[in-house]
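Every chain is numbered from 1, with letters handed out A, B, ... down the list of sequences.
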Amino acid sequence: MGTATTNKIPLILLFGPTAVGKTDLVLELFRGRGEIINVDSVQVYRKLDIGSAKPDKSYLEKLPHHLIDIRDVHEQFNTADFIRLADEAAADIAGRGLIPVLTGGTAFYFKNFCIGLAQGAPPGDPAIREKLERERLERGIQTLWTELEKADPVYAGKIHVNDELRIMRALEVFRQTGRPLSSFGQDDKFRDQYEYCLIGLTREREELYRRIDRRVDIMMESGLPGEVKALAEAGLTGKEPGLDAIGYREFFEMKERGCMTLSDTADRIRRNSRRYAKRQLTFFHSLPGVSWFHPEKKKEISLFIDSFLSKHSVSLLT
RNA sequence: GCCGCUGUAGCUCAGUCGGUAGAGCAGGGGACUGAAAAUCCCUGUGUCAUGAGUUCAAAUCUCAUCGGUGGCA
């Protein structure tokens, strides 16, 4: 029905599991007419280049990226930061007449970008987290769960007794506000300042795993051990927020255990990447309104995008 | 060539006195309210190498065949 007059910004959201083939596709589809908003919780960190499969300089020159290299590894980045910065970037890109393209593999960021964070829920508080962590170590997670069950029976009923981080987050909210986390309702309506085009990329599992294996080999050969060594020599311990990531944590674990070889480490990185890819797919499958494609079906994807843009491109034209 | 050991889940292996099998890892499925590459939950059917025999009953005992492996030549 023609082009509706609307000032919503049209957005392409393109996601898929690690190593599915997003990078090549995105360059072909959007070079010269779009800019990328990175949706990857590790690529936001400086110095984590090889292990996060960050696009290199020449790639970034061909296709500008936002939200890459914006934090040091000891800084905690989070979902709220992501949404705020992504909103700013989207407005900026669209304002220059280009297509904003959110692409990456962090499903949690995609989800919360679309539906928005729970209104009124407080941000994380490092002091409370530290205190909760101490209590967890002293008294065990069961005790904290029991406390949560009293404070927020609804939320406690939804999560598992062993789910440390969620239990601690819920208690953190309760201790800050005196209100249960579940009282800050998050409805699943998409935020209405955008028109969304959700594209999921996937492959046969076997094929995906082969690509993951190959990518890890390439990372090892192209200097991942050296990248991690440099981080360690700069005084980092592996406990920093940015380093709790596949491809980095395995090296620090290797150091702790002492008895692992480089090839054992590579094996673990491969395995953890496969499991991660599986979790990503589970999460992406739960998002509503996604059109799924094989990343090599470029023509189909391109037609799909063009048809979306022709319906919603009012604010991009003239 | 001879003697010994061995063949069970994708891999490594367990399986008692014969009663049609179970661990670890890998794998599979799922959850997701400001740490998310995080955190957490659920999940084990497989020609017991093949063929024949003994037996009410064979992964288990016997024989043959075909693999693997160690020793002696």
Nucleic acid footprint by protein, nucleotides 31-38 of chain B - heavy-atom cut-off 4.0 Å, B for base, S for sugar-phosphate alone:
BBBBBBBB

My validator wants the stems of RNA chain B: runs of 3 or more consecutive Watson-Crick or G-U pairs, both distances under 3.5 Å, written as range with range.
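RNA chain B forms these stems: B:1-7 with B:66-72, B:10-13 with B:22-25, B:27-31 with B:39-43, B:49-53 with B:61-65.
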
Given the [atom1] atoms of [N] and [M], what is the spacing between them in whole Å?
| N | M | atom1 | value |
| --- | --- | --- | --- |
| U45(B) | C5(B) | P | 32 Å |
| G27(B) | C11(B) | P | 14 Å |
| A37(B) | C13(B) | C1' | 33 Å |
| C40(B) | C25(B) | P | 15 Å |
| C63(B) | A26(B) | P | 41 Å |
| A49(B) | A58(B) | P | 15 Å |

[X] side chain vs [Y] backbone, donor-acceptor pair below 3.5 Å:
| X | Y | value |
| --- | --- | --- |
| Q176(A) | P123(A) | yes |
| H66(A) | P64(A) | no |
| T143(A) | R139(A) | yes |
| R203(A) | V20(A) | yes |
| E250(A) | T265(A) | no |
| Y45(A) | E75(A) | yes |

Straight-line distance of F190(A) CZ to I115(A) CD1, nearest 0.5 Å:
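Going from CZ on F190(A) over to CD1 on I115(A), the span is 8.0 Å.
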
Checking side-chain contact (heavy atoms from CB on, under 4.5 Å) for the pair D69(A)/K54(A): CA distance, chi angles, key distance, verdict?
CA-CA 9 Å; D69(A) 290 340; K54(A) 197 180 285 172; 2.5 Å; yes

Indicate the ring-plane relationship of F77(A) and F82(A), choosing parallel, tilted or perpendicular according to the 30° and 60° boundaries.
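Ring orientation, 0 to 90° scale: perpendicular.
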
Classify the ring geometry of Y196(A) against Y194(A): parallel below 30°, tilted from 30° to 60°, perpendicular beyond 60°.
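Ring orientation of Y196(A) relative to Y194(A): perpendicular.
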
Heteroatom pairs (N/O) under 3.5 angstrom, protein to nucleotides 24-28 of chain B:
unit_1	atom_1	unit_2	atom_2	d
A26(B)	OP1	R271(A)	NE	3.4
A26(B)	OP1	R271(A)	NH1	2.5
A26(B)	OP1	R275(A)	NH2	2.7
A26(B)	OP2	R275(A)	NH2	2.9
G27(B)	OP1	R274(A)	NE	2.6
G27(B)	OP1	R274(A)	NH2	3.4
G28(B)	OP1	R205(A)	NH1	2.9
G28(B)	OP1	Y209(A)	OH	2.8
G28(B)	OP2	Y209(A)	OH	3.1

Members other than Y155(A) in its cluster, when Ile, Leu, Val, Met, Phe, Trp, Tyr link by side-chain heavy atoms under 4.5 Å?
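Members alongside Y155(A): I128(A), L132(A), I141(A), L144(A), W145(A), L148(A), I159(A), V161(A), L165(A), I167(A), M168(A), L171(A), V173(A), L181(A), F184(A).
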
When you look at F15(A) and L102(A), which way does the side-chain contact (heavy atoms from CB on, under 4.5 Å) test go after all the steps?
CA-CA 8 Å; F15(A) 46 77; L102(A) 282 84; over 6 Å; no

In residues 218-231 of chain A, which ones come under 4.0 Å of RNA chain B, going by heavy atoms?
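Residues of residues 218-231 of chain A that come under 4.0 Å of RNA chain B do not exist, since none gets that close.
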
K297(A) atom NZ, neighbour heavy-atom count above 12 within 6.0 Å:
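No - once you tally the heavy atoms of other residues, nucleotides and ligands closer than 6.0 Å, there are 12 at most.
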
Can a side-chain donor-acceptor contact be found between T18(A) and R215(A) if the only test is distance below 3.5 angstrom?
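R215(A) vs T18(A): donor-acceptor pair found between side chains.
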
No-hydrogen, no-angle side-chain donor-acceptor test under 3.5 Å, N112(A) and Q186(A)
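Yes.
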
Please tell me whether V39(A) and W292(A) are part of a single hydrophobic cluster in this structure, the criterion being side-chain heavy atoms less than 4.5 Å apart.
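Yes, same cluster.
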
Enumerate the protein-to-nucleotides 9-13 of chain B contacts in which both atoms are nitrogen or oxygen and the separation is below 3.5 Å.
none

